[in-house]
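All residue numbers refer to positions in the sequence shown, counting from 1.
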Amino acid sequence: MCGDYNLRREKRYVEVDVRFTPDGKIRPLAINYDKTRTYGIDRVLAVKHGTSRFGVKGHCFTCLICGQKRNLWLEKGKWFVEAYCTTSEGRAS
């Protein structure tokens with residue numbers, strides 16, 4: 001990733017395993033990135049309402065995943081992450 005200027009971010013919808021607490025809060029437990037990769041969420045560091053870099057309003061869960069801080073967004077009942085892809089890959093519409 002360092003020095004590779006052909007990378008860009010895209011909005012990638014993912015499946016998320018969640019737990020609902022008795023007081024109604026949502027706690028994401030794992031991200032099912034694709035059919036072969038599931039990442040456990042070590043800890044939720046913060047939850048806030050905001051706007052993503054894609055202009056989408058929703059709830060942002062700042063999570064610690066495999067020792068790295070990542071933002072997981074909940075937008076109108078759908079979850080997405082900001083994924084890196086090369087500029088040669090096709091854009092999802």
Side-chain angles (χ1 to χ4, degrees):
M1 189 161 85
C2 287
D4 188 354
Y5 298 104
N6 293 323
L7 292 178
R8 64 173 175 77
R9 288 186 185 194
E10 71 175 6
K11 184 171 149 181
R12 182 167 301 176
Y13 288 100
V14 294
E15 290 182 5
V16 177
D17 296 332
V18 299
R19 175 178 292 144
F20 290 91
T21 64
D23 59 351
K25 293 181 182 173
I26 300 171
R27 165 73 165 91
L29 303 173
I31 297 172
N32 302 310
Y33 193 74
D34 58 24
K35 303 235 186 270
T36 61
R37 293 180 282 181
T38 299
Y39 298 99
I41 296 173
D42 303 323
R43 190 166 50 148
V44 176
L45 303 173
V47 181
K48 64 178 182 172
H49 187 75
T51 304
S52 75
R53 69 179 67 236
F54 301 105
V56 175
K57 291 184 180 181
H59 288 87
C60 177
F61 292 76
T62 303
C63 302
L64 195 61
I65 303 169
C66 299
Q68 296 185 8
K69 198 183 322 182
R70 295 286 185 246
N71 289 330
L72 174 63
W73 289 86
L74 178 58
E75 166 207 18
K76 297 179 185 174
K78 298 188 296 184
W79 295 91
F80 74 89
V81 294
E82 297 170 351
Y84 289 97
C85 63
T86 61
T87 55
S88 62
E89 291 180 12
R91 280 201 144 159
S93 299

Exercise. Should Leu45 and Val47 be counted in the same cluster of Ile, Leu, Val, Met, Phe, Trp and Tyr side chains packed under 4.5 Å apart?
Worked result: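 As far as the 4.5 Å side-chain criterion goes, Val47 and Leu45 are not connected within one cluster.
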
Check the hydrophobic clustering (I, L, V, M, F, W, Y; side-chain heavy atoms under 4.5 Å; chains of links allowed) and say if Tyr13 and Ile31 are grouped together.
->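 No, Tyr13 does not connect to Ile31 through the hydrophobic network.
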
Distance (rounded to the nearest 0.5 Å) between [X] [atom1] and [Y] [atom2]:
X     : Y     : atom1 : atom2 : answer
Phe80 : Asn71 : CZ    : CG    : 9.0 Å
Lys78 : Glu15 : NZ    : CD    : 13.5 Å
Cys60 : Leu74 : SG    : CG    : 10.5 Å

task: Of all the heavy-atom pairs spanning Gly58 and His49, show the shortest one and how long it is.
output: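 Residues Gly58 and His49, closest heavy atoms: O-ND1, 3.2 Å.
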
Shortest non-hydrogen pair, Leu64 vs Gly67, comes out as CD1-C, 3.7 Å

Note to self: Applying the side-chain contact (heavy atoms from CB on, under 4.5 Å) criterion to Leu72, which one of Thr62, Val16, Ile65 satisfies it?
What the structure shows: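 Of the listed residues Thr62, Val16, Ile65, the side-chain contact (heavy atoms from CB on, under 4.5 Å) partner of Leu72 is Val16.
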
Legend entry - Phe61 ring center near Trp79 ring center (under 6.0 Å):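 Yes, the ring of Phe61 comes within the 6.0 Å limit of the ring of Trp79, centre to centre.
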
By side chain to side chain donor-acceptor pair (under 3.5 Å), which residues pair with Ser52, not counting sequence neighbours?
->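 Side chain to side chain donor-acceptor pair (under 3.5 Å) check on Ser52 returns nothing, list empty.
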
| query | What residues, two or more places apart in sequence or in another chain, satisfy side chain to side chain donor-acceptor pair (under 3.5 Å) together with Glu82? | reply |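 By the side chain to side chain donor-acceptor pair (under 3.5 Å) rule, Glu82 matches Arg9, Arg53.
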
Val81 and Arg70: side-chain contact (heavy atoms from CB on, under 4.5 Å), yes or no, with the steps?
-> CA-CA 8 Å; Val81 294; Arg70 295 286 185 246; over 6 Å; no

Exercise for review: Could you please spell out the steps behind the side-chain contact (heavy atoms from CB on, under 4.5 Å) verdict for Arg27 and Ile41?
Suggested key: CA-CA 10 Å; Arg27 165 73 165 91; Ile41 296 173; 4.1 Å; yes

- Task: Could you tell me whether the side chain of Thr21 and the main chain of Lys25 form a donor-acceptor pair under 3.5 Å?
- Result: yes

I'd like to know if the side chain of Asn32 reaches the main chain of Val14, judged simply by a donor and an acceptor atom lying under 3.5 Å from each other, with no hydrogens or angles considered. no

| Given Lys11 and Trp73, is the side-chain contact (heavy atoms from CB on, under 4.5 Å) satisfied, shown in steps? | CA-CA 10 Å; Lys11 184 171 149 181; Trp73 289 86; over 6 Å; no

